[in-house]
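Contents: one structure, followed by commentary.
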Amino acid sequence: MDVGQDRPRQLPPQAAGRALSVRWPPRAQNLLETSLALCIDQLHAPLRACLAQFAQKLFDMAESSHIYREQQKLFTLRERVLVDQGTVEEGFVAQLTRSFDHVDASSARAADDAGATWHQLKLLDPVEQELATTLDQLGTRGDSRHGSVLYELGYRMAVLIGSPPLEGEALPLGPHALAQAFHRASMPLELPLEHQVQLLRGFDRAVIQSLADLYVTINAHLLGDGILPQLRSISLPRHLLRPPTAAAEAEAPRHNESAPSEPIEVLESLRNLLARRRAGSAAHAPHGTGERAASTDELQTALGALQQHLGQVTDRASRELRSAARLREELLAQLNVGTRPGMPQTQLSGEQSDSVELVAMLFEQLGKQLQGGGGANALLGNLQLPVLRMAVADHEFFDQPQHPARQLLDTVTTAANEWLDGSDDDATRLLASKLERLIARASEEPPSNGLYAMLLADIEHHLALLSRKAKVAERRHIEAAQGRERLDAARARAGELMAERFAQSAPRGLLRALLDRAWSDVLALTLLRHGEESDVFGQQLAITDQLLGRLPMGDRARLQQDVEAGLQQIGMHTEEAIQVAQRLLGVAPAEGEVEQLSTTDLALRLKQHQRLGETAGAEPTPAPVAAPAEPPDPHVERVLKHLQQLPFGTWFEFPDGAGGTATRRKLAWYSPMSGRCLLVTRRGQRSEESTLLQLAQELADGRAQEAPPQSGSLLDRAWRSLSGVLRQSSSSATAESHR
């Protein structure tokens, strides 16, 4: 076949000005440039949609954040994405053009990389490692999703440049190359790591998952031009497209638990790891030759019978998580009920056995993640068989993160872990009852996506109500703490102004009792409402000076009315306010008024009067927490500075001295002025009174610890732990078999 013949070429208008350098025969040059133009043309709309969706996600995250600095950061990132959207699109096209222009160099570099030896390894920056892992995941899933058309495209483009078949990063319009091009084009946005990963995953959803039409179009174009007309793709299982080796598994980057990562999605990958672990295990025995594998209906019947049997047992053992070996043993017993001795036994097929083992291991990892105590573990144990029935009936349970059963499992375990904290209030009992009824229904009805979607919607509605109530309660406590802080600051300023005047002319008796408490509250209330520079506050200070004799009284009737009005503003009864004002100014009571109390009685009532901001029967409001005269211990001081940099919403754990589960509290608010802090429970209820210094001392002494940030949901972390366990055990088994 001659690829050097010249043929007329027509590029779409989007490719104008993006012609490749002339390096190949005219026909090959024409086909490469046309493929590039088709690629640019069809990726324009998905790329723009990806950036728009990412900007909207940043906006939604900012709207839902309760931390001002975090909101401003997200809004700034969103504005940068919107402003530089055109730059990213142009950069992506430039990177794509460069990949096509150096396609032969990419092929040679890929071959060199394949022959790289161990001495070329080097330490990686954690950020680079996480981004490289994410990019590799995007490319690998894209190769798996579009395997057949990529197979043909790699061969046809290789013919054009005279190289071995192109695959992976060497294929300029493959998922690997597109993900790398987009990552380089988005670097000018200077996004933090977590947002870079979010943007790349958005690119996966918007662009890489929709590449099938583009690949079909370019393949058809090359085929129409006579490039390998007899080529046909061979449909291979996904796990055979790139067989893993023990060395590759050992050198593969390990995910840090705190780093964002997607859960394992492919059932074949997990089954491969199980098979490799068993291959190196001497304890693994093959199925007997005369045994018959159970059908799907038989397995569902056995699972239903086992579920019904356990539902009739009320002992604690029936609520515990079952290991894979125990589940397999109980299922085999159910499958062979009534089988006569000597007859062939019904066994689980390899795929069925793998599904049972994977679900059992997943629940084991979930159990390790739980912190909610026995109640949460009991709920998880009761949910194990219903989820296993769903996983056996629908293998999409392993492949699809949005599968209703997976989402329900995640929601139930998270709710039990976070909301069932051992308290015995009505809300906790109601949620526990709701979760038990949900699991009972999942156990009683046949497994189906519709059933799990309905149960998921029901529990999500209930949890949304709980979350909304918790946010309202937390906001109420925050506003109360902020109001108390403002009141203390105003009261402190009023006390300073009063002390300045007392230093010049100290009052006595009733006047001292009035100014020390009641009138000081009048000044504080006026400060809160109008500010220190207002005319209203100036008038109240003038009244204070008149009472102290610093200013002439002038109109005594007007002064009496002003004193009465001020005292009534802070809650003093009208008759009592009138009597205080009259006694202070020496005004005789009008005819018919109630007989006045003595000066001593009035002074006593003023001292017993409820202060502004206090509730009846409560302890007096303490003065603002002053900074210690001497600096604390250096370690405590470092912890305190760290606390002052933390955002609102940070969680802390307070271990139970008796060895029970740790109590979790959230730092909802703190005051940089007084040092007070507000710790709340998951339900938004206020915890004990504390200060940042006290919290720093508890952290320094080990009586509290900052809860580590968790990436992804509880179920995602369980998936990652499961895959890590399988990789480690399979690598160990393989190494053992080679000895």
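Everything quoted here is computed from the prediction, not taken from an experiment.
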Q. Got a second to check how far Leu640's CG is from Leu695's CG, nearest 0.5 Å?
A. 9.0 Å
Q: In plain terms, say whether Arg98 and Asp101 are close enough for a salt bridge, that is, a side-chain N and a carboxylate O under 4.0 Å apart.
A: no
Q) Are Leu463 and Thr414 side-chain neighbours, meaning at least one heavy-atom pair lies under 4.5 Å? A) no
Q. His44 and Glu89: side chain to side chain contact (heavy atoms under 4.5 Å, CB included), yes or no, with the steps?
A. CA-CA 8 Å; His44 175 73; Glu89 294 176 359; 4.0 Å; yes
**Q.** Option among Arg201, Gln85, Gln198 that satisfies the side-chain contact (heavy atoms from CB on, under 4.5 Å) test with Phe54
**A.** Gln198
Q) So which heavy atom on Gln369 is nearest to which on Ala718, and how close? A) NE2-N, 4.4 Å
Q: For Phe182, enumerate each residue passing the ring pair (Phe, Tyr, Trp, His ring centres under 6.0 Å) test, keeping only those at least two apart in sequence or located in another chain.
A: Phe203
(Q) Using modelled atom types and a 3.5 Å cut-off, is there a donor and acceptor pairing between side-chain atoms of Thr413 and backbone atoms of Asp410? (A) yes
Q: With the side chain counted from C-beta on, respond yes when Leu189 and Leu199 share a heavy-atom pair under 4.5 Å apart, and no when they do not.
A: yes
Q: Mind listing the closest non-hydrogen atom pair of Gly139 and Pro175 along with its distance?
A: O-CB, 3.9 Å
(Q) Quick one, Leu430 and His462 - any side-chain contact, counting heavy atoms below 4.5 Å? (A) yes
(Q) So, taking the atom named CZ in Arg676 and the one named CG in Leu678, what distance separates them when rounded to the nearest 0.5 Å? (A) 11.5 Å
Q: Determine, step by step, whether Cys677 and Leu667 satisfy the side chain to side chain contact (heavy atoms under 4.5 Å, CB included) criterion, reporting the C-alpha distance in whole Å, the side-chain angles of both residues, the deciding distance to 0.1 Å, and the verdict.
A: CA-CA 7 Å; Cys677 64; Leu667 180 62; 3.8 Å; yes
Q. Is there side-chain contact between Phe75 and Met61, with heavy atoms separated by less than 4.5 Å?
A. no
Q: Return each pair, listed once, that meets salt bridge (Lys or Arg N to Asp or Glu O under 4.0 Å) where at least one residue sits in residues 690-707; pairs must be two or more places apart or across chains.
A: Glu698-Arg703, Asp701-Arg703
Q: Inspect the contact between Lys666 and Glu474 and indicate whether a charged nitrogen and a carboxylate oxygen are less than 4.0 angstrom apart.
A: yes
(Q) Under the criterion side chain to side chain contact (heavy atoms under 4.5 Å, CB included), I'd like the reasoning laid out for Leu211 against Arg145: C-alpha separation, chi angles, the key distance, then a yes or no. (A) CA-CA 9 Å; Leu211 288 174; Arg145 187 178 292 114; over 6 Å; no
Q: Among Gln400, Gln402, Glu460, find the one that has a side-chain hydrogen bond (donor to acceptor under 3.5 Å, both in side chains) with Gln407.
A: Gln402
Could you go through residues 522-535 and list every donor-acceptor pair under 3.5 Å that involves a side-chain atom there, pairing it with any protein atom two or more places apart or in another chain?
residue : atom : partner : partner atom : Å
Thr526  : OG1  : Val522  : O            : 2.8
Glu532  : OE1  : Arg493  : NE           : 3.3
Glu532  : OE2  : Arg493  : NE           : 3.0
Glu532  : OE2  : Arg493  : NH2          : 2.8
Ser534  : OG   : Gly531  : O            : 2.8
Ser534  : OG   : Phe537  : N            : 3.3

**Q.** Backbone N/O of Phe397 and side chain of Arg406: donor-acceptor pair under 3.5 Å
**A.** yes
Q. Do the side chains of Phe100 and Thr97 get nearer than 4.5 Å, heavy atoms only?
A. no
Q. Minimum heavy-atom separation for Leu643 to Leu692, with atom names?
A. CD1-O, 3.6 Å
(Q) Is any side-chain heavy atom of Gln365 closer than 4.5 Å to one of Val725? (A) yes
Q: Without swapping roles, check the side chain of Tyr670 against the backbone of Gln644 for a donor-acceptor pair under 3.5 Å.
A: yes
Q: Could you pull out the closest heavy-atom pair between Ile208 and Ala179, with the gap in Å?
A: CD1-CB, 4.3 Å
Q) Is a donor on one side and an acceptor on the other found under 3.5 Å between the side chain of Arg80 and the backbone of Glu190? A) yes
**Q.** Which residues share a ring pair (Phe, Tyr, Trp, His ring centres under 6.0 Å) with Phe652, sequence neighbours left out
**A.** none
Q. With side chains defined as the heavy atoms from C-beta onward, is the minimum distance between Gln196 and His183 less than 4.5 Å?
A. yes
Q. Residues two or more places apart in sequence or in another chain: which of them pass side chain to side chain contact (heavy atoms under 4.5 Å, CB included) with Ala432?
A. Leu420
Q) Quick one: are Leu370 and Leu714 in side-chain contact, heavy atoms under 4.5 Å? A) yes
Q. What distance do Leu77 atom CG and Leu82 atom CG have between them, rounded to the nearest 0.5 Å?
A. 11.0 Å
Q: Check the pair Lys73 / Glu70 against side chain to side chain contact (heavy atoms under 4.5 Å, CB included), numbers first and verdict last.
A: CA-CA 5 Å; Lys73 174 184 173 183; Glu70 184 69 17; 4.2 Å; yes
**Q.** Heavy-atom donor-acceptor pair, Glu169 side chain to His176 backbone, under 3.5 Å
**A.** no
Q. Roughly how far, to the nearest 0.5 Å, is the CG atom of Leu173 from the CG atom of Leu43?
A. 9.0 Å
Q. With distance as the sole criterion, is a donor-acceptor pair present between the side chains of Thr428 and Arg683 under 3.5 Å?
A. yes
Q: Could you list the residues that satisfy ring pair (Phe, Tyr, Trp, His ring centres under 6.0 Å) with His195, not counting sequence neighbours?
A: none
Q: Please check if the side chain of Ser723 supplies one atom and the backbone of Arg720 the other of a donor-acceptor pair under 3.5 Å.
A: yes
(Q) Looking at every heavy atom in both Val639 and Ala700, which two are closest together, and how far apart are they? (A) CG2-CB, 4.5 Å
Q. Looking only at heavy atoms, which two atoms of Pro46 and Ala206 are closest? And how far apart?
A. CB-O, 3.4 Å
Q: Drop me the distance from Leu380's CG to Asn417's CG, to the nearest 0.5 angstrom.
A: 10.0 Å
Q: Kindly compute the distance separating CG (Asp633) from CD (Glu637), expressed to the nearest 0.5 Å.
A: 9.0 Å
Q. Counting distance only, does the side-chain N/O of Thr650 pair as donor-acceptor with the main-chain N or O of Leu646 below 3.5 Å?
A. no
